[in-house]
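Data block below; observations after.
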Amino acid sequence: MKNLDKRLGQILERITSREFLSGRGLGNDIPYHVFDYPPSAELRVREHVDFLVDKIGSSFPDLTVGRIDLLQLIRSMLEQRNLLDRTFAMQKLKGDEVTARNLSAVLEANKVAEALVRSVDLRTCSLVLIEGVGAAFPLVRTHNLLNALHSRTGGVPIVVFYPGRYDGSSLRLCGEVSESVNSPYYRAFRLVDDSDSD
């Protein structure tokens, strides 16, 4: 946990730097970053995201942060289609697998990406923070969502708070479940490497 605290302590300076906000130093890569952490630290990380949003709002008035809780976004999508209560009933009656299968078309990555983009104004956002990806799995897989967002976010930096491990080529939810067995995800950068906090 000590190493996590050091890594969390480096986020604010990193995401408010000119280099980060302008995407400099990334070549032509899309400015997507993953902050991976142990799933047991979920509440600690969420508290830190609260701190980041508050601190940026008070100390960096020229920056606008878009914040997305992926699970809440999914809930909103289902509510808009009058599917939320039916989804809960289906889950109770038929289980998680059947429910996830039945929602796969409604929560297809491109549709979730569109909903995400509509929920934040990318024209005015300096950066977007995405959390709640562990709670949204397997309804939405992070690598599919990021792939779907590529053509929609332009140069706005995206930071995904990920309860698992990202090694630069694959996302492993909770350090165990591979999200991208057949299609490795390698287009994001680790926001803070373990070695950065030594």
Side-chain angles (χ1 to χ4, degrees), residues 4 7-8 11-12 15 30-57 64-81 83-85 87-88 90-91 96-97 99-100 102-104 106-122 125-150 152-153 156-166 170-180 185 187-192:
L4 176 64
R7 291 178 67 226
L8 287 169
I11 294 175
L12 181 64
I15 66 176
I30 295 168
Y32 286 4
H33 303 265
V34 174
F35 184 85
D36 56 345
Y37 56 91
S40 60
E42 179 70 28
L43 294 179
R44 171 80 180 91
V45 171
R46 283 184 176 256
E47 288 171 1
H48 196 76
V49 174
D50 290 339
F51 161 78
L52 292 171
V53 172
D54 290 345
K55 187 70 174 173
I56 291 171
T64 303
V65 179
R67 183 179 186 180
I68 299 291
D69 182 313
L70 196 52
L71 184 61
Q72 292 303 318
L73 181 68
I74 289 171
R75 183 184 180 102
S76 174
M77 289 175 69
L78 294 175
E79 283 176 342
Q80 289 170 6
R81 296 188 61 171
L83 293 174
L84 189 61
D85 290 337
T87 297
F88 288 144
M90 182 188 310
Q91 182 184 25
D96 292 341
E97 279 186 45
T99 304
N102 280 303
L103 291 176
S104 62
V106 175
L107 299 176
E108 187 269 328
N110 284 302
K111 293 177 182 174
V112 177
E114 280 299 322
L116 189 151
V117 168
R118 281 194 309 271
S119 68
V120 294
D121 186 354
L122 291 175
C125 276
S126 307
L127 68 151
V128 175
L129 308 179
I130 301 175
E131 60 188 333
V133 298
F137 181 85
L139 298 173
V140 176
R141 294 176 183 261
T142 308
H143 73 285
N144 289 339
L145 176 61
L146 291 177
N147 282 328
L149 283 171
H150 282 164
R152 295 173 168 89
T153 55
V156 177
I158 306 287
V159 177
V160 176
F161 290 89
Y162 190 79
R165 191 81 179 138
Y166 179 59
S170 64
L171 292 159
R172 299 192 69 78
L173 191 68
C174 300
E176 297 176 12
V177 179
S178 179
E179 282 208 50
S180 49
Y185 188 83
R187 295 179 74 176
F189 301 90
R190 285 188 83 206
L191 183 65
V192 179

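Between the side chain of Tyr32 and the backbone N or O of Leu149 there is at least one donor-acceptor pair closer than 3.5 Å. With hydrogens and angles ignored, the 3.5 Å screen pairs a side-chain donor or acceptor of Arg190 with a backbone N or O of Tyr166. Checked by atom type and distance alone, the side chain of Ser126 pairs as donor or acceptor with a backbone atom of Thr64 at under 3.5 Å. Using a distance-only test at 3.5 Å, with no hydrogens or angles considered, a donor-acceptor pair links the side chain of Tyr162 to the main chain of Leu173. Using modelled atom types, one side-chain atom of Arg7 and one backbone atom of Asp36 make a donor-acceptor pair closer than 3.5 Å.
The CD1 atom of Ile130 lies 6.5 Å from the CG atom of Leu146; values are rounded to the nearest 0.5 Å. Atom CD1 of Ile11 is separated from atom CG of Leu52 by 5.5 Å, given to the nearest 0.5 angstrom. Within the model, atoms CZ of Arg152 and CG of Asn110 stand 4.5 Å from one another, a figure rounded to the nearest 0.5 Å. Separation of atoms CG (Leu139) and OG1 (Thr99) is listed at 8.5 Å; rounding is to 0.5 Å. Note that OG1 of Thr87 is 8.0 Å distant from CG of Leu107, once rounded to the nearest 0.5 Å. Between the OH atom of Tyr37 and the CG atom of Leu8 there is a distance of 10.0 Å, given to the nearest 0.5 Å.
Under the 4.5 Å side-chain criterion, counting only non-hydrogen atoms from C-beta, Val156 is not in contact with Val120. You'll find the side chain of Leu191 reaches within 4.5 Å of the side chain of Ile15, heavy atoms only. Counting heavy atoms from C-beta on, the side chains of Leu84 and Arg75 come closer than 4.5 Å. Using a 4.5 Å heavy-atom threshold, the side chains of Lys111 and Val140 count as separate. The shortest distance between side-chain heavy atoms of Arg46 and Asp69 falls below 4.5 Å. Side-chain atoms of Phe35 and Val49, non-hydrogen and from C-beta on, never get closer than 4.5 Å to each other. In this structure, the side chains of Val128 and Leu122 come closer than 4.5 Å at one or more pairs of heavy atoms. In this structure the side chain of Phe137 never reaches within 4.5 angstrom of the side chain of Leu171, judged on heavy atoms.
When every heavy atom of Ala109 is checked against every heavy atom of Ala148, the shortest pair comes out as O-CB, 3.6 Å. Between Ser119 and Ile68, the shortest heavy-atom distance links the atoms OG-CD1, 3.0 Å. Heavy atoms only, all atoms of each residue included: Cys125 and Val65 are closest at SG-C, 4.4 Å. Here the shortest heavy-atom pairing between Pro39 and Pro163 reads CG-O, 3.7 Å.
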- Task: Any chance you could lay out the side chain to side chain contact (heavy atoms under 4.5 Å, CB included) test for Ile74 and Leu103, step after step, and finish with the verdict?
- Result: CA-CA 10 Å; Ile74 289 171; Leu103 291 176; over 6 Å; no
- Task: Step by step, work out the side chain to side chain contact (heavy atoms under 4.5 Å, CB included) result for Arg67 and Asp50.
- Result: CA-CA 10 Å; Arg67 183 179 186 180; Asp50 290 339; 2.6 Å; yes
- Task: Could you go through the side chain to side chain contact (heavy atoms under 4.5 Å, CB included) check for Val112 and Leu70 one step at a time?
- Result: CA-CA 9 Å; Val112 177; Leu70 196 52; 4.0 Å; yes
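The 12-atom threshold is not exceeded at CZ of Arg81, counting heavy atoms of other residues, nucleotides or ligands nearer than 6.0 Å.
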